Amino acid sequence: MDLARVIGTVVATQRDPLFEQVKLAVVQPLDDSLEDCGMPVVAIDALNRSNGDIVYLVRSGDAMFAHYTDTNVPTDCAIGGLVDDVNVLLKRGER
Amino acid sequence: MKIGKVVGNLWSTHCHDAYNSRKLMIVQPLSPKLQEIGMATMAIDYVGAGIGDLVVMGSAPGLASQVFGIPRAPINEMIMGIIDDVTAEGMTD
């Protein structure tokens, strides 16, 4: 589960019916020192996060379960939760 | 599954129910020769690993649901074991 920063939202009125009440957020994946790494992706957001929040992402098949509706939302990336604090003791190179 | 080293931990109070009261660790994947490969990632620990431990971690769709007994668990990587020793003959660096 990668760390990421919420950087925007996506509005799509024409979409899959299973996606009806699902908020789509644009997230930028981060490495463990919270620097950008990789391309931004779109993730479903059940926790209604706002821009700038640090979150962690669930990917692949398990992301379907990340929304509170009973139906499985067709997605491969979802926000799992909000990060309150990250504590990395062994820096890169000392691992 | 991958070999990794636990390098830190993470707190998250506002999260999906499946993460409630779970131990979230930051793990750096390593090669069998214990060199860093790729980016550190977050994994859920349920075997009691501490920072600095060598661990075995892995993820598969639906695996977390079986391990934690939750019908719909949006969880990927999990720390499944703590490594005592690794031997890997014939591996080039």
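Keep in mind that this is a model prediction, so the values were computed, not measured. Proteins get letters first, then strands, A, B, ... in listed order; numbering begins at 1 in each.
Residues A:Leu34 and A:Leu89 share a hydrophobic cluster, clusters being chains of Ile/Leu/Val/Met/Phe/Trp/Tyr side chains in contact below 4.5 Å. Cluster annotation: A:Ile79 is not connected to A:Leu30 through the hydrophobic network of ILVMFWY side chains, with a link wherever side-chain heavy atoms come within less than 4.5 Å. Note: the hydrophobic cluster containing B:Leu30 also contains B:Met78 (ILVMFWY, side chain heavy atoms under 4.5 Å, direct or indirect links). There is no path of hydrophobic side-chain contacts, each under 4.5 Å, that joins A:Leu24 to A:Val58. By the rule that hydrophobic residues join a cluster once side-chain heavy atoms approach within less than 4.5 Å of another member, B:Tyr19 and B:Val67 end up as members of one cluster.
Counted by atom type alone, B:Thr13 and A:Asp84 present one or more donor-acceptor pairs between their side chains at under 3.5 Å.
If you measure heavy-atom distances from B:Glu77 to chain A, the contacts under 4.5 Å come from both the backbone and the side chain. If you measure heavy-atom distances from B:Ala60 to chain A, the contacts under 4.5 Å come from the backbone alone. Heavy atoms closer than 4.5 Å to chain A are found nowhere in B:Val27, neither backbone nor side chain. The contact between B:Ala73 and chain A is made entirely by backbone atoms, counting heavy-atom distances below 4.5 Å. Contacts between B:Leu24 and chain A at a heavy-atom distance below 4.5 Å involve the side chain alone, from C-beta outward.
In terms of heavy-atom proximity, A:Asp62 sits nearest to B:Gly62 at OD1-N, 3.0 Å. Between B:Ser12 and A:Tyr56, the closest heavy-atom pair is OG-OH, 3.0 Å. The minimum heavy-atom distance linking A:Ala66 with B:His16 is given by the pair O-CD2, 3.3 Å.
Within the 4.5 Å cutoff, the side chain of B:Gln28 has no heavy atoms near those of the A:Leu90 side chain. Between A:Val86 and B:Ile26 the shortest side-chain heavy-atom distance falls below 4.5 Å.
Checking side-chain atoms of B:Glu36 against main-chain N and O of A:Gly93 turns up a donor-acceptor pair under 3.5 Å. When atom types are taken as modelled, the side chain of B:Thr41 and the backbone of A:Met1 share a donor-acceptor pair closer than 3.5 angstrom. Listed for the B:Asn76 side chain is a donor-acceptor partner under 3.5 Å among the backbone atoms of A:Arg59.
Of the listed residues A:Arg49, A:Arg92, A:Glu94, the one with more heavy-atom pairs under 4.5 angstrom with chain B than any other is A:Arg92. Looking only at heavy-atom pairs under 4.5 Å with chain A, the residue among B:Leu34, B:Val6, B:Ile51, B:Ile44 that has the most is B:Ile51. Interface check for chain B: of the options A:Leu82, A:Val83, A:Asp32, A:Leu57, the most heavy-atom pairs under 4.5 Å are formed by A:Leu82. Of the listed residues A:Val88, A:Asp2, A:Asn87, A:Val55, the one with more heavy-atom pairs under 4.5 angstrom with chain B than any other is A:Asn87.
For the side-chain contact (heavy atoms from CB on, under 4.5 Å) with B:Leu10, the lone residue among A:Leu3, A:Asp85, A:Ile54 that qualifies is A:Leu3.
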